[in-house]
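Quantities reported herein were computed from a predicted structural model and do not represent experimental measurements. For ligands, and for the atoms within them, numbers begin at 1 and follow the listed sequence.
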Amino acid sequence: MRLEGKITIITGSGSGIGRSSALLFAQEGAEVVIVDRDVDKGKETAVEIESAGGRAVFIKADVTDLDSVRTMVEEVITRFGRIDVLFNNAGISGIGMLHEIEPDDWDRIMSVNVKGVYLPSKYVVPHMMKAKLGSIINMSSCIAEIGLARRASYAATKGAVLALTKSMQVDYAAYNIRVNAILPGTIFTPFVEDYLSKSDDPEAAIALLKSRQLSGDLGRPEDVARAALFLASDESKFMMGSPLYIDGGATFGKNA
Ligand code: NAD
């Protein structure tokens, strides 16, 4: 029970890594607030947690929308009185070299992946500052460090999240708030399944994904959820402003 009684918000927890983290956090005793713009998927995660004996509540919110995020945070505070953990996980992918990206697509990915970290943090942080306690986990990607072909907009967003994490940590350390980032490699979630389904040759696409890392397996949502659990829990109390790589050796192994 590494998160016993902790009030945790996980954005984008209707699917993939967020969903897996919500299930694990609940198993470890947390009260999990499932946040997603997709009502069906968000409710599904909450029901799954409750039927396994855990505690969860679903609140619909779009992380790019100020009113929606502010209302969600107010609802959590009214219900629980505090927020111990914020996992800014919601994100979308973007494909293309810079010159191929349309301005609307650029704005959309920046909005979900960067503003979608800024807004929930903006409304949660004051409560953590008051309590002088909190752990914020921001979802970056190892692409922020090593780049990847045809992912210019996505890489830009994840680099921004990493820089934001470090800067937030400097500002909020005095309030006993820790801010760390997770940098996954390729994780087999609907996010990646969608990309594979659009590929002409999915087998070759999987082989290509594997060739970018040292591990022969693709990462699983549970692999990232366990890292998030560590950062959410007091076990990581000496980690501040750190990037945590969960990438099967993609970042350092391949570049060594
Ligand atoms: P996913 O598509 O399976 O899940 C993302 C969830 O976020 C969905 O439930 C979706 O409804 C929700 N969401 C999207 N936009 C939202 C918004 N504006 N407001 C609220 N909810 C929103 O994706 P995933 O693979 O689990 O990815 C989760 C995070 O991990 C993303 O930030 C992604 O960039 C990052 N990541 C994923 C991988 C990977 O290989 N899967 C690798 C590195 C980083």
Student: Would you kindly specify which portion of Lys158 sits under 4.0 Å from ligand 1, judged on non-hydrogen atoms: side chain, backbone, both or neither?
Tutor: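 It is the side chain that gets close, since no backbone atom is under 4.0 Å.
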Student: Of the backbone atoms (N, CA, C, O) and the side-chain heavy atoms from C-beta on, which set of Met139 has a member under 4.0 Å from an atom of ligand 1: side chain, backbone, both, or neither?
Tutor: side chain
Student: Which bit of Ala61 is near ligand 1, meaning a heavy atom under 4.0 Å away: side chain, backbone, both or neither?
Tutor: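 Just the backbone.
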Student: Do Asn88 and Ser121 have side-chain N/O donor and acceptor atoms under 3.5 Å apart?
Tutor: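 Per modelled atom types, Asn88 and Ser121 side chains form a pair under 3.5 Å.
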Student: With Arg55 as reference, evaluate Glu28, Glu31, Glu50 under the salt bridge (Lys or Arg N to Asp or Glu O under 4.0 Å) test and give the passing residue.
Tutor: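 Among the candidates, only Glu31 passes.
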Student: Before you tell me yes or no, could you show the steps for Phe230 and Met239 under side chain to side chain contact (heavy atoms under 4.5 Å, CB included), namely the whole-Å CA-CA distance, both residues' side-chain angles and the distance that decides it to 0.1 Å?
Tutor: CA-CA 10 Å; Phe230 173 63; Met239 281 189 74; 3.3 Å; yes
Student: Are the side chain of Lys115 and the backbone of Val63 linked by a donor-acceptor contact shorter than 3.5 Å?
Tutor: no
Student: Could you check which of Val63, Val192, Val224 puts a non-hydrogen atom nearest to atom 17 (C) of ligand 1?
Tutor: Val63
Student: Output the distance between atom CD1 (Ile182) and atom CD1 (Ile17), rounded to the nearest 0.5 Å.
Tutor: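 One gets 8.0 Å once the value is rounded to the nearest 0.5 Å.
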Student: Counting each atom of ligand 1 from 1 as listed, which ones have a heavy atom of Asn89 under 4.0 Å away?
Tutor: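 Listed by number with element, the hits are 28 (C), 29 (C), 30 (O), 31 (C), 32 (O).
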Student: Would you mind telling me if ligand 1 is within reach of the side chain of Cys142, the backbone, both or neither, using heavy atoms under 4.0 Å?
Tutor: neither
Student: Between Ile146 and Leu148, does the side chain to side chain contact (heavy atoms under 4.5 Å, CB included) criterion hold? Intermediate values first, please.
Tutor: CA-CA 7 Å; Ile146 57 177; Leu148 183 63; over 6 Å; no
Student: Counting only heavy atoms, tell me which of Val161, Thr189, Val69 gets closest to atom 25 (O) of ligand 1.
Tutor: Thr189
Student: Tell me which one of Leu164, Ile136, Asp171 satisfies side-chain contact (heavy atoms from CB on, under 4.5 Å) with Val179.
Tutor: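 Of all the options given, the one that passes is Ile136.
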Student: Taking the side chain from Arg79 and the backbone from Ile77, do they hold a donor-acceptor pair closer than 3.5 Å?
Tutor: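 Flag not set: sc Arg79 to bb Ile77 has no pair under 3.5 Å.
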Student: If you measure from atom 11 (O) of ligand 1 to every heavy atom of Asp36, Asp38, Asp62, which option wins on shortest distance?
Tutor: Asp36
Student: For Ser93, state whether at least one heavy atom is located under 4.0 Å from any atom of ligand 1.
Tutor: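 No, Ser93 has no heavy atom closer than 4.0 Å to ligand 1.
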Student: Checking the N or O distance criterion of under 3.5 Å, is ligand 1 in contact with Pro184?
Tutor: no
Student: Would you mind finding which of Ser20, Gly91, Gly16 brings a heavy atom closest to atom 5 (C) of ligand 1?
Tutor: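 Comparing heavy atoms across Ser20, Gly91, Gly16, the nearest one to atom 5 (C) of ligand 1 lies in Gly91.
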Student: Which of the listed options, Tyr154, Phe191, Tyr195, holds the heavy atom that is closest to atom 27 (O) of ligand 1?
Tutor: Phe191
